[in-house]
Protein chains: 2
Amino acid sequence: MKPTIKDVAKIASVSISTVSRVMNAPDTVVENKKKRVLDAIEELKYKPNALARGLIYKKTHTLGVVIPDIRNPYYADIIRGMEDASKKSGYSLIICNTDTDGNRLFSYLNTFYEKQIDGLLYTSNPIFPDYYKELKRLRMPVVLVATHSMEYELPSVKINDEQAAYDATQFLIDSGHRNIGMISFDLGDSIAGQTRYQGFVRALRENNLELKRDNIFFVSEYFHDPYDAAESLFRQSSGLTAVFAVSDVLAMGVLSYLNEKGVAVPNEVSVVGFDNIRLSAFTVPKLTTVAQPMYQIGYRAVEKLHALINGEADPVLREIVPHEIVVRASTGRL
Amino acid sequence: MKPTIKDVAKIASVSISTVSRVMNAPDTVVENKKKRVLDAIEELKYKPNALARGLIYKKTHTLGVVIPDIRNPYYADIIRGMEDASKKSGYSLIICNTDTDGNRLFSYLNTFYEKQIDGLLYTSNPIFPDYYKELKRLRMPVVLVATHSMEYELPSVKINDEQAAYDATQFLIDSGHRNIGMISFDLGDSIAGQTRYQGFVRALRENNLELKRDNIFFVSEYFHDPYDAAESLFRQSSGLTAVFAVSDVLAMGVLSYLNEKGVAVPNEVSVVGFDNIRLSAFTVPKLTTVAQPMYQIGYRAVEKLHALINGEADPVLREIVPHEIVVRASTGRL
DNA sequence: GTGAAAGCGCTAACAA
DNA sequence: TTGTTAGCGCTTTCAC
């Protein structure tokens, strides 16, 4: 059995309250007793039971995080940022993959509720009314990560997706491209789908470029094969000199497909991705992409949640972090 | 405040013991009271507090997992396997990144101990004597994932790394290659470093091929830039017609470097990687690699830990799962 | 079949 | 300064 506070008290010949005190208010106990207790703790290698503590404080120093799928490298970076921030603030992270499945999500929320997590990090998916209702009911402090909500007053951290897509497209246009393809997330995804699509469309419009229906191929966010997506796009469109893919993984599919078909990148077709995952620096050719500060998004989200939990005022509810076009070798001037 | 068992009892006009019973031994309570309780539970949306339960049962249904770095896509797949198996068995996963730093590890083990986790999933690093001592002292059920220990009687799940590296090398030799380079993990890493190196060496030896010191470049496992590694290898060796990189990420560095230098893959140099991460199917050219069943490794590890926690006998202590050479386009016959 | 009471490991009044 | 006691939310004897 693990040693308990009683064991320590016995060895140190004090009451358990005194032991508790040396742990929580050391100054209130006289020096020699304190030493005895400390020695006993050391001898037994005693560590307080966090369950018992949590029961009293109503705090578990544990945060729940829901993400679509950890295998997506984009999330891995976010998680790492969360982890480092959590360590700093004394939290542990329980991580759950939802596959963007509402049932899985609700099941996990239930677990989180029972386990008395202090707060929730909700990543990358839209907040539907029933989700919000449930969160509200469970009274769970939550911050939205790489997603946000205009309907509800929920704190969030993300980039400006519309502007980022606009910038990527404008970059391509500035490089002389006039017939640009896009691999977009489904418009049912209001966070990374609609927004980036709108940014793309706005750039075309502001440059008086025609928006061709066939130049855009939509994928359902998480399960579409990137190679197939590229193939589909090129099958339905014609004469593209550039393609903007809304994730680096998708862009890698394009690179792979183009290579297979003997199309030179960037000489014949330019490719720009989105996210700037680590591996995008090692593609062939190296990928030009819209960089998101994934790590910082995760880090900041935890700081925000921490503030929320402690009732501290947070000046900005919907926080926007900067994106940046990273120009590498997959794009060229026409 | 969250509703407690007392609130339910009050509404149902029964004692808290009866409420407890309908949750844990429904048959022992008479039908009409049971209904009243169930209705009250439904009305309040009552869920039992897992902390209070854990305090009694001495079980938290929470597992700790330590990995070097979640950003390494190799681990992401393992984690996902763990997650799915955990969901099946009713566990939650607390995930921590150690950066292979002993201090970070000990700090997390401490947290795990306080939080009363049911067991530990220890991933991918050697077990040093002091680690083992600590684990032993904490009486933490543990299974080693993608690592193992010959010194200690610890359950584990991994592939046969030596054989896998041997197979990869033999494949290259069978394809006519005689001057093969290797990017290896440091030999200080007894799990993925030494073993794969030995497999490589054995293949050369059995084929009467000379082992050239300069054909091998060592990287410290987690922080070496893959592009740099490739550059270093080709700088120190000469006339290589193939290179075996001990991870797909490293192999992508080789692909990227070779492309940059105008060296054709596989026509001039063949490249084989290790792991078969998802993105290795979308490299240019598509990567030939040694596939590990990452997902299954994670999945199996949780099953094994679950059995261990419940004192069930597990026939094989050190479990070896199969690997496989996946031949794609980055290798060719000489 | 059901409730009262003890106890899981700890903290926090409250007295002394 | 210190110990005694009640209580966090729950389960589980033990009487009835």
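Computed from a predicted structure; not experimentally measured.
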**Message:** By nearest atom, which of the nucleotides dC10(D), dG3(C), dG9(C) is closest to the A52(B) side chain?
**Reply:** dC10(D)
**K58(B) side-chain proximity, nearest of dG9(C), dT2(D), dC10(C)** =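 That would be dG9(C).
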**Item:** Geometric class of the Y91(A)/H61(A) ring pair [parallel <30°, tilted 30-60°, perpendicular >60°]
**Value:** tilted
Using whole Å, what does the distance between atom [atom2] of nucleotide [N] and atom [atom1] of [X] come to?
{"X": "I56(B)", "N": "dT13(D)", "atom1": "CD1", "atom2": "C1'", "value": "13 Å"}
{"X": "N49(A)", "N": "dC10(C)", "atom1": "CG", "atom2": "P", "value": "6 Å"}
{"X": "M1(A)", "N": "dG7(C)", "atom1": "CE", "atom2": "P", "value": "15 Å"}
{"X": "K2(B)", "N": "dC8(D)", "atom1": "NZ", "atom2": "C1'", "value": "13 Å"}
{"X": "Y57(A)", "N": "dG7(D)", "atom1": "OH", "atom2": "P", "value": "18 Å"}
{"X": "M23(B)", "N": "dG9(D)", "atom1": "CE", "atom2": "C1'", "value": "11 Å"}
{"X": "L55(B)", "N": "dC10(C)", "atom1": "CG", "atom2": "P", "value": "9 Å"}
{"X": "K34(B)", "N": "dT2(C)", "atom1": "NZ", "atom2": "C1'", "value": "14 Å"}

Can you find a side chain N or O atom of [X] that sits less than 4.0 Å from OP1 or OP2 on [N]?
{"X": "K33(A)", "N": "dT1(D)", "result": "no"}
{"X": "Y46(B)", "N": "dC10(D)", "result": "yes"}
{"X": "N24(A)", "N": "dT11(C)", "result": "yes"}

Distance-only polar pair, side chains of [X] and [Y], donor-acceptor under 3.5 Å:
{"X": "S15(A)", "Y": "S17(A)", "answer": "yes"}
{"X": "E151(B)", "Y": "Y132(B)", "answer": "no"}
{"X": "N32(B)", "Y": "R36(B)", "answer": "yes"}
{"X": "K115(A)", "Y": "T60(A)", "answer": "no"}

**Asked** Does atom NZ of K6(A) have more than 12 heavy-atom neighbours from other groups under 6.0 Å away?
**Response**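 No, NZ of K6(A) has 12 or fewer neighbouring heavy atoms, counting only those of other groups under 6.0 Å.
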**Asked** Around K136(B), counting heavy atoms of other residues, nucleotides and ligands shown, do more than 12 lie under 6.0 Å from its NZ?
**Response**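 Counting neighbours around NZ of K136(B), 12 or fewer heavy atoms of other residues, nucleotides or ligands fall under 6.0 Å, so no.
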**Prompt:** Passes side chain to side chain contact (heavy atoms under 4.5 Å, CB included), I78(B) versus M82(B)? Steps please.
**Reply:** CA-CA 6 Å; I78(B) 291 182; M82(B) 289 179 177; 3.7 Å; yes
**Request:** Identify, residue by residue, the members of residues 106-119 of chain B with a heavy atom below 4.0 Å from DNA chain C, and return them in order of residue number, or none.
**Result:** none
**Asked** In residues 5-21 of chain A, which residues come under 4.0 Å of DNA chain C by heavy atom?
**Response** I5(A), K6(A), I16(A), S17(A), S20(A), R21(A)
Mind listing the side-chain donor-acceptor pairs of residues 104-113 of chain A below 3.5 Å, one per line with the distance, residues two or more places apart or on another chain?
from    : atom 1 : to      : atom 2 : distance (Å)
R104(A) : NE     : N97(A)  : O      : 2.8
R104(A) : NH2    : N97(A)  : O      : 3.3
R104(A) : NH2    : Y108(A) : OH     : 3.1
R104(A) : NH2    : E83(B)  : OE1    : 3.4
R104(A) : NH2    : D84(B)  : OD1    : 3.2
S107(A) : OG     : K87(B)  : NZ     : 2.8
Y108(A) : OH     : E83(B)  : OE1    : 2.9
T111(A) : OG1    : S107(A) : O      : 3.2

